[in-house]
Chemist: 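Below you'll find the structure I mean.
Positions are given from 1, in the same order as the sequence printed here. Start at 1 and go down the list; that is how both ligands and their atoms are numbered. Treat the numbers as computed from the prediction; the structure is a model and nothing was measured.
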Amino acid sequence: MVVKQILRIAVVVALAGFTASAQTATPSRTRGHVQTLASEKLEGRMAGSPGERLAAEYIARELTRLGAKPLPGLKDLFHPFEFTAGTKDDGSTISVANGGSAPVAFSRTDHVQALSFSDNAEVTGPVVFAGYGLVVPETQKFGYDSYVGLDVKDKIVLVLRYFPEDADLETRAILARYSDLRYKAMAARQRGAKAILVLSGPRSPNAGATIPMTFDTALAGSGIVAASISGDAGRAIFAGAADKSLEETQKSMDTGNPHATGFAIPNVTVTVKAAVQRETQTGRNVVAYLPATSPTSGVEKPWVALGAHYDHLGRGRNGNSLAGKEEAGRIHYGADDNASGTAAVLAIAETLSKQPRRRNVVVGFWSAEEIGLIGSNAFVNKPPVPSDQLAAYLNFDMVGRMVDNKLTVQATGSSPVWNRIIEQANVAAGFELVLQPDPYQPTDVASFNGAGVPSLSFFTSTHTDYHRPGDTADKINYEDLDRIVDFAVAIVKRIGDTPEAPQFTKVQQQTDTAGRAGVRVFTGTIPDYATNVKGLLLGGVIGGGPAEAAGLLKGDVIVEIAGQSIANIYDYTYALELLKVGVPVKIVYMRGSERRETTLTPGARK
Ligand SMILES: [Zn+2]
């Protein structure tokens with residue numbers, strides 16, 4: 001599961017009150033798979049890593065043993081896709097020319113370092129100091145704009161990192177929300193600046209230090225050159241403003257007084273080259289199918305799909321680990337998340353492979369789930385089997401820690417048939433079921449629901465080892481995991497053997513996926529985070545929401561909203577701050593190569 005949202009679902013399960021499963025006469029059908037996938041050798045199966053490749057090969061071997069076949073159009077059981085695995089500085093430089101004297105050049109990353117979202121380019125120009133570079137949208141009725149009275153067009157903007165140090169708590173709380181580096185960069189770009197330089201001021205935390213590159217899965221730059229610079233480089237620029245010291249200037253800004261403004265720095269010309277190396281890696285889904293055992297003519301939507309993500313966090317270095325200090329850097333075994341689901345799907349496939357099937361059964365093992373559902377999105381975006389041929393999709397993510405016979409089934413709102421089918425299958429299984437209609441879950445089921453496929457996701461709830469090195473194979477409750485396998489087989493058979501396909505219901509989403517804390521408006525858009533485009537690509541629109549009413553469709557790319565240009569998801573999120581409930585705004589979007597306009601009226605978030 002993806003970390004952000006699961007924390008909302010349940011912060012901590014008070015006690016890890018499972019009991020180790022007793023040895024029984026029947027050997028477990030899942031234990032061997034979990035032990036292999038969650039072994040030391042696979043090193044936590046991080047997408048794109050050698051451990052991920054070994055896991056994929058193991059899964060493919062198991063599928064081949066069951067007689068599963070490559071999907072139409074694929075030569076083998078692997079479905080590769082590209083993603084950004086990280087960024088690093090690739091030799092950014094800055095040189096400061098003050099009047100007639102020789103330029104001072106800086107090149108090491110402790111003096112100049114590109115921000116992870118920077119464009120790769122070299123620019124030269126005069127410098128304007130714009131204070132903290134903060135712009136609070138008018139809608140906040142707060143009145144703070146670092147750019148008031150400054151002309152930054154075609155200039156290089158120098159701003160301080162963070163927000164005014166001495167301001168009262170309330171002011172800081174408001175300004176902090178707009179102090180994100182991406183937001184500052186967007187504000188500079190929208191005012192025509194060529195580049196933005198960020199300096200941690202002498203009165204701030206990390207004074208004079210450049211900003212380490214963060215993990216950023218965006219595939220493209222944000223439309224402006226952006227770099228952090230050292231105190232030395234900052235002072236070299238400030239030398240052009242003879243009457244003002246950096247320290248005194250920061251102090252005058254630090255009260256939060258909105259009238260303390262920036263100024264152009266005369267006599268100085270700066271050349272900055274930002275170089276970001278985005279490391280593109282290849283991840284691999286493992287996909288296959290068990291062909292129907294009888295002719296599929298007369299069967300509506302002759303495919304049914306099962307899936308689980310098999311990637312995990314490696315050693316947890318990408319910011320999504322919840323490891324404590326003493327565990328940091330250790331292998332995150334991911335036995336429950338999600339060797340358990342992977343083992344379940346393999347075991348379900350094994351059972352189904354020995355039985356008659358009226359539908360073809362797709363089995364999908366997704367990678368790069370942990371960094372944003374990237375593998376399953378890649379699959380539904382270019383599906384080897386068209387989504388409208390899939391009768392249903394069943395997802396398994398964290399199904400190995402059942403406590404007190406309790407099983408959560410999510411996304412039940414995606415078809416009217418689910419409650420009845422689940423109830424019937426549970427007569428034999430006898431679980432304490434928790435049914436959750438919401439399909440907008442932080443796991444791959446969201447990708448399939450977004451593609452209009454009736455979906456379910458199985459989950460045995462979170463625990464204290466979630467996203468930590470302690471999620472190990474010895475803690476899995478194999479007996480109950482095997483019961484989930486039988487339960488799922490019963491459900492697949494009910495779908496598989498009925499000539500009619502389940503009807504899809506579009507569930508209204510309660511909150512925008514793009515919403516940040518404090519965003520009050522609801523637009524009904526579902527951003528696609530995984531694809532490399534300039535603008536905001538829509539992975540879908542929420543049924544009954546404002547975007548649907550505006551005529552927007554999956555695949556449209558929003559490039560402007562309320563007069564703000566949109567280069568990426570972050571711009572879009574910030575643009576939402578400007579919108580008011582019930583007040584229509586103009587949206588410019590690309591449909592294919594055609595530029596179109598529409599009007600969207602935001603609703604209120606619940
Ligand atoms: Zn996870």
Chemist: Just to verify, what does F396 make a ring pair (Phe, Tyr, Trp, His ring centres under 6.0 Å) with, not counting sequence neighbours?
Modeler: F458

Chemist: Please list all pairs meeting ring pair (Phe, Tyr, Trp, His ring centres under 6.0 Å) that have one or both residues in residues 326-353, counting only residues at least two apart or in different chains.
Modeler: none

Chemist: Hey, which N, O or S atom on H467 ends up closest to the Zn ion (ligand 1)?
Modeler: NE2

Chemist: Could you tell me whether the Zn ion (ligand 1) has an N, O or S atom of H309 under 2.8 Å away?
Modeler: no

Chemist: Evaluate the ring planes of Y393 and F448, with Trp represented by its six-membered ring, and classify them as parallel (under 30°), tilted (30 to 60°) or perpendicular (over 60°).
Modeler: parallel

Chemist: Answer yes or no as to whether an N/O/S atom of D397 is found below 2.8 Å from the Zn ion (ligand 1).
Modeler: no

Chemist: Report yes if some heavy atom in the side chain of F365 is under 4.5 Å from a heavy atom in the side chain of L63; otherwise report no.
Modeler: yes

Chemist: Give the name of the N/O/S atom in D337 that lies closest to the Zn ion (ligand 1).
Modeler: OD2

